Amino acid sequence: TVSRPIFPKGLEGLGDYIISDLKINGEFISSLTLSALKNKRDQISYIFYPNQEALKTSFLLGQTSQIVGVIDPKILQIDLANSSNVQADKNTDYSQLVTLFFNTKDQVLSDNKLRKGLSYALPDSFTQGERAYLPYAPTSIYYNKDAISHTQDLAHAKLLIDASYSSASVSASQVLTLKTLEKYQTVAQQLAKVWRSLGVKTKIVVVDSRPDSFQMYLGDFTVPEDPDQYMLWHSDQESNITKFVSLRIDKLLEDGRKTADIAVRKKIYADFQKYLLDDAVIDTPASFLYFPYTYTITRH
């Protein structure tokens, strides 16, 4: 479908290498080897691992010389980033945003006072990444630095939670369930600890992928270069996992798709960020936590 094919002959690409070996495990690539066209002995091998622990173990055992995308460089009480003959490069991954999603139609969490209270209790920083309050990276031209950001306010959080518990639909004995991906289990425990200090009983359930049903879900989403997040927040989308409904937000997301004028789009998406976080007019569908730090660890 492109004028210049990426693979003009078999697995020979446009560069100086050809894919000389490719191994498949089920539907996934487990490894591939690149060989130089001019010198077949000049090879680069890539191995793909199913999880972070397997990735770090491969480095610890000397099976790999460089591992990429490491979230936590520690394994078996060994800090790979501070090991001898090792270089660790730390980066912020602005393409992924770790987010706490609320099911706005849940019997308990449909009370926006409770969701707001849980949000105001969130920490102001995370060791796992760069704190985020908006659904865009600060490097984006669409990032609205003037939008409201909720810093931690435990006193206000307590007032909102108590007000919610005093209503007929919510009881202080209610146990809230937080589903989380395994890689964010430590963060989930951090959130649950804060909530429990405010009287919110929290149960953590580890899941392998985004659940179809949940009260709260700690996961992530890919932040595209384009500011359009219609699929995630528009009320008629099945991918709107929070079941969030706002006619104002719907209209902004629709308008953002109707123009290619950057100046106009900046205004539209600035308003989108503003109203998504405005307590006075919008139910709280999610709380944005952080852009994760990742490490590339190389053995010299």
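Note: hydrogens, waters and symmetry copies are ignored here, and every other heavy atom, side chains too, is used. Bear in mind that the values here come from a model prediction, so they are computed numbers and not experimental data.
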Within 6.0 angstrom of [X] [atom1], more than 12 heavy atoms from elsewhere:
X	atom1	answer
Leu247	CG	no
Gln63	CD	yes
Tyr46	OH	no
Asp16	CG	no
Ile262	CD1	no
Glu182	CD	no
Asn25	CG	no
Lys274	NZ	no

ILVMFWY cluster, [X] and [Y] together (side-chain gap under 4.5 Å):
X	Y	result
Phe126	Tyr133	no
Ile204	Tyr184	no
Val194	Leu114	yes
Leu76	Val86	yes
Leu122	Leu154	yes

Flag, side chain of [X] to backbone of [Y], donor-acceptor distance under 3.5 Å:
X	Y	value
Gln52	Gly69	yes
Asp250	Ser235	yes
Gln273	Ala147	no
Ser164	Leu160	no
Ser287	Ser119	no
Arg196	Thr202	yes
Thr99	Phe101	no
Glu130	Tyr290	no
Ser20	Thr33	yes
Asn103	Phe214	yes

Residue list, side-chain hydrogen bond (donor to acceptor under 3.5 Å, both in side chains) with [X], at least two apart or on another chain:
X	value
Gln128	none
Arg299	none
Asp226	Arg265

Salt bridge (charged side-chain N to carboxylate O under 4.0 Å, His left out) contacts touching [range] (sequence neighbours left out):
range	answer
residues 69-85	none
residues 138-159	Lys158-Asp162
residues 37-63	Glu53-Lys56
residues 203-222	Lys183-Asp220

Closest non-hydrogen atom pair, [X] against [Y]:
X	Y	result
Ser58	Thr64	OG-OG1, 3.1 Å
Leu97	Pro135	CD2-CA, 3.6 Å
Phe59	Ile67	CB-CD1, 3.7 Å
Ser239	Leu232	O-CD1, 4.0 Å
Leu109	Met216	CD1-CG, 3.4 Å
Leu252	Ile268	O-CG2, 3.2 Å

### Task
Would you kindly say whether Thr294 and Asp93 are connected by a side-chain donor-acceptor distance under 3.5 Å?
no
Exercise. Compute whether any side-chain donor of one residue and acceptor of the other, for Asp106 and Thr104, lie under 3.5 angstrom apart.
Key: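 Result is no, nothing qualifies.
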Is there side-chain contact between [X] and [Y], with heavy atoms separated by less than 4.5 Å?
X	Y	result
Gln190	Thr186	no
Gln96	Val223	no
Leu100	Leu178	yes
Asn144	Tyr269	no
Tyr120	Leu198	no

[X]: which residues meet the ring pair (Phe, Tyr, Trp, His ring centres under 6.0 Å) condition with it, sequence neighbours left out?
X	value
Phe291	Tyr94
Tyr143	none
Phe221	none
Tyr230	His234

For Val206, the hydrophobic cluster (side chain heavy atoms closer than 4.5 Å, chained through members) also holds none
Hey, mind stepping through Val187 and Thr180 against side chain to side chain contact (heavy atoms under 4.5 Å, CB included) and telling me if it holds?
CA-CA 9 Å; Val187 180; Thr180 180; over 6 Å; no
To the nearest 0.5 Å, atom NZ of Lys113 lies from atom CG of Leu159 at 12.5 Å
Separation between OG (Ser140) and CD (Glu225), nearest 0.5 Å, reads 7.5 Å
Show your reasoning for whether side chain to side chain contact (heavy atoms under 4.5 Å, CB included) applies to Lys105 and Val245. CA-CA 10 Å; Lys105 302 304 179 185; Val245 177; 4.3 Å; yes
Q | Check against side chain to side chain contact (heavy atoms under 4.5 Å, CB included), Asn112 and Phe102 | A | CA-CA 10 Å; Asn112 195 34; Phe102 297 109; over 6 Å; no
>> Centre-to-centre under 6.0 Å for Tyr136 and Tyr142, is that the case here?
In response: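 Between Tyr142 and Tyr136, which both carry aromatic rings, the centre distance is not below 6.0 Å.
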From CA spacing to verdict: side chain to side chain contact (heavy atoms under 4.5 Å, CB included), Leu253, Phe272:
CA-CA 7 Å; Leu253 291 172; Phe272 162 68; 3.9 Å; yes
